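Worksheet: the structure to be examined is printed underneath.
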Amino acid sequence: MDLLTGTLNKNTFKKYVVRNLKKKKNRQALIIIDINKFKAINDTYGHLAGDRVIKEMAHRLTKVLRGKDLVSRWGGDEFVVYVDDLESQCDIEKIIKRIHREVAHPFQTDEALIQVDISTGYACYPDDGTHYQELYKKADHKMYANKALSEETQYSNFYEI
């Protein structure tokens with residue numbers, strides 16, 4: 001377990017996903033979520049506020065996912081989600097939209113209400129790969145491509161309310 005968020009740690013998460021991928025089950029997916037400009041939150045409001053945002057992010061992710069889906073804090077401000085038994089590509093897109101809608105609500109810390117923006121990327125089994133590393137690499141690549149687009153179109157990814 002990740003001590004700050006109570007989500008799965010990297011190793012436990014990876015072992016579970018690798019085991020499920022070997023079963024060659026239905027469509028599965030990895031979603032990588034990164035909080036944009038998280039350093040600015042820590043610099044502006046302090047690390048305790050940053051920790052509060054990370055804890056709340058984990059809570060919100062868990063809230064919008066199905067009970068059988070897994071959340072892991074991958075480190076710093078990055079989370080990875082494993083989604084099992086997807087019917088189609090549309091399902092993963094719906095889940096990502098739910099995540100974005102949930103994160104769109106400001107995060108309450110002792111210091112302020114903080115608006116948070118995220119970048120996401122995903123990869124589906126078997127379309128994008130059949131092994132963990134393939135899926136992770138593709139999802140990570142998509143997340144960074146989306147992050148670059150987000151930074152081009154937004155001059156500020158958080159603000160105090």
Side-chain angles (χ1 to χ4, degrees), residues 1-39 41 50-51 53-107 114-154 157-158:
M1 284 287 191
D2 175 68
L3 295 177
L4 181 62
T5 64
T7 62
L8 294 175
N9 65 33
K10 247 188 224 192
N11 292 332
T12 304
F13 178 86
K14 184 177 177 182
K15 285 178 188 175
Y16 183 86
V17 174
V18 167
R19 187 172 50 241
N20 270 9
L21 289 171
K22 287 181 181 176
K23 294 177 184 177
K24 309 279 187 219
K25 296 170 54 171
N26 295 339
R27 183 182 300 271
Q28 304 165 57
L30 286 182
I31 306 168
I32 298 179
I33 302 158
D34 188 75
I35 301 174
N36 295 334
K37 300 193 179 194
F38 184 72
K39 183 180 181 321
I41 293 171
D51 285 353
V53 168
I54 293 292
K55 285 185 213 177
E56 180 64 19
M57 177 67 74
H59 172 75
R60 291 183 187 193
L61 290 173
T62 303
K63 182 174 139 184
V64 299
L65 296 171
R66 303 168 303 170
K68 60 185 171 180
D69 300 331
L70 300 177
V71 177
S72 175
R73 179 171 171 229
W74 213 244
D77 62 336
E78 190 170 277
F79 292 86
V80 181
V81 172
Y82 169 71
V83 183
D84 196 3
D85 291 328
L86 296 168
E87 300 261 337
S88 71
Q89 186 83 14
C90 291
D91 290 344
I92 192 68
E93 292 165 4
K94 288 176 188 174
I95 291 168
I96 290 172
K97 283 180 183 175
R98 282 198 322 254
I99 290 169
H100 278 276
R101 271 195 309 271
E102 187 64 31
V103 173
H105 303 290
F107 287 63
I114 301 172
Q115 187 66 47
V116 173
D117 184 48
I118 59 171
S119 294
T120 58
Y122 70 90
C124 292
Y125 167 93
D127 302 340
D128 295 319
T130 57
H131 295 90
Y132 179 85
Q133 284 305 112
E134 291 174 295
L135 295 172
Y136 183 86
K137 186 176 179 180
K138 184 154 279 190
D140 195 50
H141 178 74
K142 286 180 182 177
M143 187 273 297
Y144 276 105
N146 289 333
K147 189 177 208 51
L149 283 174
S150 175
E151 290 175 356
E152 284 178 16
T153 59
Q154 293 183 350
N157 288 334
F158 77 97

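Throughout, numbering of the chain's residues begins at 1 and tracks the sequence. Owing to the predicted nature of the structure, the values given are computational and were not obtained by experimental measurement.
Here the closest non-hydrogen pair linking C124 and I92 is SG-CG2, 4.1 Å. Between F79 and I54 the shortest heavy-atom distance is CZ-O, 3.6 Å. Counting all heavy atoms, side chain and backbone alike, V81 lies closest to F13 at C-CZ, 4.0 Å. Of all heavy-atom pairs between D85 and R66, the closest is O-NH1, 3.6 Å. Nearest heavy-atom pair across N26 and Y125 is O-CD2, 3.8 Å. Scanning both residues, D84 and K68, for their nearest heavy atoms gives O-CE, 4.1 Å.
A salt bridge between K63 and E102 is present, with a side-chain N of the basic residue lying under 4.0 Å from a carboxylate O of the acidic one.
Annotation: H141, atom NE2; neighbour count of heavy atoms from other residues, nucleotides and ligands within 6.0 Å does not exceed 12. Environment of NZ in K137: sparse, with no more than 12 heavy atoms of neighbouring residues, nucleotides or ligands closer than 6.0 Å.
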Using side chain to side chain contact (heavy atoms under 4.5 Å, CB included), reason through I35 and M57 one step at a time and then give a plain yes or no.
CA-CA 9 Å; I35 301 174; M57 177 67 74; 3.7 Å; yes
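Side-chain atoms of Q28 and L86, non-hydrogen and from C-beta on, never get closer than 4.5 Å to each other.
Side-chain contact of D34 with S119: a donor-acceptor pair under 3.5 Å is absent, judged by distance alone. When only modelled atom types and interatomic distance are considered, H131 and E134 share a side-chain donor-acceptor pair under 3.5 Å.
Here the straight-line distance linking atom CG of N146 with atom OH of Y122 works out to 9.5 Å at 0.5 Å rounding. Here T120 contributes atom OG1 and K97 contributes atom NZ; the two are 11.5 Å apart, rounded to the nearest 0.5 Å. For the atom pair K142 NZ and D128 CG, the distance stands at 4.5 Å (nearest 0.5 Å). I118 CD1 to E78 CD: the interatomic distance, rounded to the nearest 0.5 Å, is 12.0 Å. Taking CZ from R73 and CG from D2, the interatomic distance works out to 4.5 Å, rounded to the nearest 0.5 Å.
The cationic atom of R60 (NZ for Lys, CZ for Arg) lies less than 6.0 Å from the six-membered ring centre of F107 and within 45° of the ring axis.
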